[in-house]
Number of protein chains: 2
Amino acid sequence: MSSITLYPTSNFTFGTKEAEPQSETSATERLNVLRSYYETSGMRRAVDAVFLVHEAKHPHVLLLQIGHKFFKLPGGYLKPGEDEVEGLQKRLNELFGRTGTDGSSSTMFDWNVGECIGTWWRPNFDNYTYPYLAPHVSRPKEQKKIFLVHLPEHRELSVPANLQLVAVPLLEFYNNPATYGAQLAGLPVCLSRFSYSFAD
Amino acid sequence: MSSITLYPTSNFTFGTKEAEPQSETSATERLNVLRSYYETSGMRRAVDAVFLVHEAKHPHVLLLQIGHKFFKLPGGYLKPGEDEVEGLQKRLNELFGRTGTDGSSSTMFDWNVGECIGTWWRPNFDNYTYPYLAPHVSRPKEQKKIFLVHLPEHRELSVPANLQLVAVPLLEFYNNPATYGAQLAGLPVCLSRFSYSFAD
């Protein structure tokens, strides 16, 4: 069984940097962006990262919280033709790296992108995604792959000011699609094949 | 991404052999057996197999059906100290092999046990299992590991007369714990990291 070493949440410091512009705000707007992407470039591809840490020897997942209620995994969309792993590394540096301005130093990380733990498909221009392609779906509109990204023992992450990075216990997600959505609610099942060692 | 070759359900023939004695019949009886196992040998270990086939290029899972309603994956319990993979191969031969009697020929298979796709824990002597160990659970009563078992192009399986082997479409399980239970309902999510190639 694959064993993964997890470090405590407190090994990671979350600094603040200026807010990311949030280009897509409403669900309708997001679907319009997807539709126009699909017309020019075909199926859109997204890649997300699961960062695991531990508290009291229980695995926790790092989520971005937007406002009071909305949670998502760190990640983003790939450009047409962009490699999944390289693209995910870029999206993670856009989120958590620090670009030097006015001669200040910039910080970009080497992200250790590991196993793909799940794939979700969006068959139509709507909010439903599924962990399989149904037989009648020949032209899915979006594919999202979720990767485990292994954290080193320590890391200082710069988090955009409009987002919060929070550590959510794995057991919180289970049977809880109402709060987290189906993709996050499925994480305990996706991750159950691993065993964990909890470092200090 | 790991790609798996699936063959059509019709490549597999399901013969009938004499019924397996079903030692544990009621839920109460099953829990009593677990309790007495735990007292003498500690946590009980179970291993199950996911056999994937396809119909119309959609993955299907082979399930054992008992009576009209109850479905389960093929598999069983390990003996104390028994190796997981060897134990699963033995349980599968007990279910699907044919032991020669009165000079007739016996058939035992080499099962190609692949990736572990999930682990479920039973913290207490009751019917609830979870895909993680909660922090307060120091002495789980049972652990079940689910393995992908890769089928060859053709195989003739002998199925005990009191059981039926049925191929259930992957999409049937999704969001359907009421019919299949949480473990089977989680299969689409567990399996979403694979891509499939559908052979004839």
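First the proteins, then the strands, lettered A, B, ... as listed; each starts at 1.
The shortest distance between side-chain heavy atoms of A:F173 and A:V168 falls below 4.5 Å. Contact check for A:R155 versus A:F109: side-chain heavy atoms found under the 4.5 Å cut-off. At a threshold of 4.5 Å between non-hydrogen side-chain atoms, the residues A:E82 and A:Y77 do not count as touching. In this structure, A:P74 and A:L92 have side chains that are in contact, with non-hydrogen atoms separated by less than 4.5 Å.
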**Message:** Pair B:H60, B:L52 - check side-chain contact (heavy atoms from CB on, under 4.5 Å), show working.
**Reply:** CA-CA 6 Å; B:H60 287 52; B:L52 292 174; over 6 Å; no
**Message:** salt bridge (Lys or Arg N to Asp or Glu O under 4.0 Å) for A:D48 and A:K145? Distances and angles first, verdict last.
**Reply:** CA-CA 6 Å; A:D48 275 358; A:K145 283 199 192 175; over 6 Å; no
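Of the N and O atoms on the side chains of A:E115 and A:H150, at least one donor lies less than 3.5 Å from an acceptor on the other residue.
Comparing A:A56, A:G118, A:G186 by how many heavy-atom pairs each has under 4.5 Å with chain B, the most go to A:G118.
Once rounded to the nearest 0.5 Å, the distance linking CD of B:E86 with CZ of B:R91 reads 10.5 Å.
Proximity to chain A (any heavy atom under 4.5 Å) is restricted, for B:W120, to the side chain, taken from C-beta onward. Looking at B:I117, the atoms closer than 4.5 Å to chain A (heavy atoms on both sides) all sit in the backbone: N, CA, C or O. Proximity to chain A (any heavy atom under 4.5 Å) is restricted, for B:L133, to the backbone atoms N, CA, C and O.
Among the residues in residues 122-132 of chain A, those with a non-hydrogen atom closer than 4.5 angstrom to a non-hydrogen atom of chain B are A:T129, A:Y130, A:P131, A:Y132.
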